Amino acid sequence: MGSGNRWQDKAEVYYRDGLMITDIEALLGVSRKSISACLRGLPDYDKIKEERKKEAGRRRRQYKTDKQRAYRLRDRTIYTVTPDTMRREHELAVMELSRERYH
């Protein structure tokens, strides 16, 4: 890396630390296209990119798991079946059917 003053060197350090290209763009004030071209020139770019892709997959899988747990928990608390809820559903069904006309 050189003196550390070049934006390319800073972009490489930020990218290796896990920052996204849009975040690097905001920090350095350089276009995403320029940053991307610079990073693609790194010798281990493909390796870093693959590791980041795997990590993103792990984070997404964890997010989806947590979200499904939250849905299940919500469904359990909202749709708990009790004798009162069954009675109320029955009464609503009777009211709806009594309004309909059969021919």
Side-chain angles (χ1 to χ4, degrees):
M1 288 199 351
S3 62
N5 293 334
R6 294 180 39 221
W7 69 264
Q8 290 92 342
D9 297 336
K10 291 179 182 178
E12 180 181 348
V13 170
Y14 290 148
Y15 187 71
R16 289 182 189 278
D17 287 343
L19 265 65
M20 306 272 293
I21 291 178
T22 52
D23 298 331
I24 298 171
E25 173 192 21
L27 288 171
L28 299 179
V30 180
S31 72
R32 289 185 347 205
K33 187 175 180 179
S34 298
I35 294 170
S36 178
C38 170
L39 295 176
R40 274 185 266 133
L42 296 176
D44 56 348
Y45 175 73
D46 291 332
K47 180 182 169 195
I48 296 170
K49 185 176 177 182
E50 198 59 38
E51 289 172 3
R52 289 168 65 117
K53 189 174 183 179
K54 287 178 185 176
E55 179 59 31
R58 283 191 289 272
R59 282 194 317 266
R60 177 159 173 73
R61 184 180 310 254
Q62 184 61 45
Y63 169 79
K64 289 174 75 174
T65 300
D66 294 343
K67 198 69 165 171
Q68 286 299 321
R69 283 185 183 143
Y71 285 145
R72 276 187 246 124
L73 179 62
R74 185 200 68 199
D75 288 347
R76 238 183 285 150
T77 58
I78 292 176
Y79 302 112
T80 304
V81 177
T82 63
D84 292 333
T85 59
M86 287 179 68
R87 186 177 305 109
R88 181 64 183 152
E89 285 184 29
H90 177 72
E91 290 170 357
L92 291 173
V94 168
M95 286 190 301
E96 185 174 337
L97 290 172
S98 66
R99 278 187 258 155
E100 294 180 5
R101 299 180 81 184
Y102 294 99
H103 298 285

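Keep in mind the model is a prediction, meaning the values are calculated, not measured.
Residue Met86 places its CE atom among 12 or fewer non-hydrogen atoms of other residues, nucleotides or ligands, all under 6.0 Å distant.
If you take CZ on Arg40 and CG on Asp46, they are separated by 11.0 Å, rounding to the nearest 0.5 Å. For the atom pair CD (Glu51) and NZ (Lys54), the distance works out to 7.5 Å, reported to the nearest 0.5 Å.
Minimum heavy-atom separation, Glu12 to Leu39: CA-CD2, 4.1 Å. Between Trp7 and Ser34, the shortest heavy-atom contact is CH2-O, 3.6 Å. Among all heavy-atom pairs drawn from Ala11 and Ile35, the shortest one is CB-CG2, 4.4 Å.
You'll find the side chain of Val13 stays beyond 4.5 Å of the side chain of Lys10, heavy atoms only. When side chains are defined from C-beta on, Leu19 counts as touching Leu27, because their heavy atoms get closer than 4.5 Å. For the pair Ile48 and Arg16, the minimum side-chain heavy-atom distance is below 4.5 Å.
A donor-acceptor contact shorter than 3.5 Å is absent between the side chain of Ser36 and the backbone of Lys33.
Note on Glu55 versus Arg58: salt bridge recorded, some NZ/NE/NH1/NH2 to OD/OE distance being below 4.0 Å. In this structure, Asp84 pairs ionically with Arg87, as a charged nitrogen and a carboxylate oxygen lie closer than 4.0 Å.
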*Would Glu91 and Val94 count as a side chain to side chain contact (heavy atoms under 4.5 Å, CB included) if you check the C-alpha gap in whole Å, the side-chain angles of each, and the deciding distance to 0.1 Å?*
CA-CA 5 Å; Glu91 290 170 357; Val94 168; 5.7 Å; no
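In summary, the side chains of Arg69 and Thr65 do not present any donor paired with an acceptor at a separation below 3.5 Å, with no hydrogens or angles considered.
Two different hydrophobic clusters hold Tyr14 and Met20 under the rule that ILVMFWY side chains link at heavy-atom gaps under 4.5 Å.
Geometric assessment of Arg52 against the ring of Tyr15 yields a positive cation-pi assignment under the 6.0 Å and 45° thresholds.
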